[in-house]
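All values derive from a computational prediction rather than experimental measurement. The residues of the chain are indexed from 1 along the displayed sequence.
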Amino acid sequence: MLDAPVIRVADHREAINRVLAHYGLGPDALEVVPSVFDWCKTNGVPGDHIGRMAICLCNWETGACRIAMREQFSGTDFENANAAMLVRGFRDELDRLNTSENCLLHLLLHEVACHVIKSTEQVPRDTWAFAELDKHDI
């Protein structure tokens with residue numbers, strides 16, 4: 001079980017903005033929303049997972065990037081995401097996601113990876129996010 005029952009993105013916004021800036025993204029690239037699923041429906045983005053934690057929409061030709069992220073997460077939300085990464089082969093790396101802050105940072109980096117490595121594939125984005133994790137604090 002992770003250390004915090006709920007983590008609120010707004011409580012970490014200053015650090016999140018520094019991470020975004022490190023990769024050439026402004027604070028407006030991240031929209032914090034109550035429900036990513038509902039945000040997708042409202043914005044005409046296909047979204048099939050009601051519990052989706054975040055989504056990144058990038059136009060690699062123009063460099064435009066929009067990330068929508070839920071406004072808060074429980075330890076269970078992160079444990080479920082980590083279980084999916086375990087299935088994808090990230091057994092050793094998951095030891096680094098031992099706090100809610102590290103989980104939030106990895107989630108943010110996973111979405112930023114879409115912009116940086118120009119991929120929507122999960123495994124390359126997780127790999128990149130783990131490689132970048134120690135460069136930042138939230």
Are Q72 and V9 side-chain neighbours, meaning at least one heavy-atom pair lies under 4.5 Å?
-> no

salt_bridge(E121, R125) N-O dist < 4.0 Å | no

ILVMFWY cluster, V116 and L105 together (side-chain gap under 4.5 Å) = yes

To the nearest 0.5 Å, how far apart are SG in C56 and CG in L25?
-> 8.0 Å

Trace of the side chain to side chain contact (heavy atoms under 4.5 Å, CB included) decision for D134 with R96 = CA-CA 9 Å; D134 291 335; R96 298 169 62 199; 3.2 Å; yes

Take R13 and V32, measure what side chain to side chain contact (heavy atoms under 4.5 Å, CB included) needs, and give me the verdict at the end.
-> CA-CA 10 Å; R13 190 59 200 238; V32 180; 3.4 Å; yes

Is there a side-chain contact between M53 and N80, using heavy atoms and a 4.5 Å cut-off?
-> no

Check whether more than 12 heavy atoms from other residues, nucleotides or ligands sit under 6.0 Å from atom CG of N43, and answer yes or no.
-> yes

Could you grab the distance from atom CG of D28 to atom CG of L20, nearest 0.5 Å is fine?
-> 9.0 Å

How about D126 and H106: do any of their side-chain heavy atoms sit closer than 4.5 Å?
-> yes

From I50 atom CD1 to C40 atom SG, the distance as rounded to the nearest 0.5 Å = 11.5 Å

Side chains of I7 and H12: does their closest heavy-atom pair fall under 4.5 Å?
-> yes

Can you tell if the side chain of L97 reaches within under 4.5 Å of the side chain of L94, non-hydrogen atoms only?
-> yes

Should F73 and L86 be counted in the same cluster of Ile, Leu, Val, Met, Phe, Trp and Tyr side chains packed under 4.5 Å apart?
-> yes

Determine whether F37 and M69 fall in the same hydrophobic cluster, where Ile, Leu, Val, Met, Phe, Trp and Tyr are linked whenever their side-chain heavy atoms lie under 4.5 Å apart.
-> no

How many angstroms lie between atom CH2 of W128 and atom NE2 of H110, to the nearest 0.5 angstrom?
-> 11.0 Å

Can you name the closest pair of heavy atoms from W60 and S119 and give their distance?
-> CZ2-N, 3.4 Å

Looking at H136 versus Y23, is the centre-to-centre ring distance below 6.0 Å?
-> yes

Joint cluster assignment, V123 & V112, ILVMFWY side-chain distance < 4.5 Å = yes

Counting N and O atoms only, with roles assigned by atom type, does the side chain of R66 sit under 3.5 Å from a partner on the main chain of E31, one being a donor and the other an acceptor?
-> no

What is the minimum heavy-atom distance between R70 and D77, and which atoms define it?
-> NH2-OD2, 2.6 Å

Where is the tightest heavy-atom contact between R52 and V36, given as atom of each residue plus distance?
-> CD-CG1, 3.4 Å

Heavy-atom check, side chain of L104 versus side chain of F78, under 4.5 Å = yes

Is I55 linked to L108 within one hydrophobic cluster, defined over Ile, Leu, Val, Met, Phe, Trp and Tyr using a side-chain heavy-atom separation of less than 4.5 Å?
-> no

Should K41 and S35 count as side-chain neighbours, where that means a heavy-atom distance under 4.5 Å?
-> no

From OG (S100) to CD1 (I138), nearest 0.5 Å = 11.5 Å

Nearest atoms (heavy-atom pairs only) where N17 meets P27 | OD1-CB, 3.5 Å

Which heavy-atom pair separates N98 from N102 by the least distance, and what is that distance?
-> OD1-ND2, 3.4 Å

Take V19 and E132 through the side chain to side chain contact (heavy atoms under 4.5 Å, CB included) test and state the conclusion after the steps.
-> CA-CA 10 Å; V19 173; E132 297 293 301; over 6 Å; no

Give, for atom CZ of R88 and atom CD of Q122, the distance between the pair rounded to the nearest 0.5 Å.
-> 5.0 Å

When every non-hydrogen atom of L57 is compared with those of W39, the smallest separation belongs to CD1-CH2, 3.6 Å

Decide yes or no for F130 and M85: does some side-chain heavy atom of the first lie under 4.5 Å from some side-chain heavy atom of the second?
-> yes

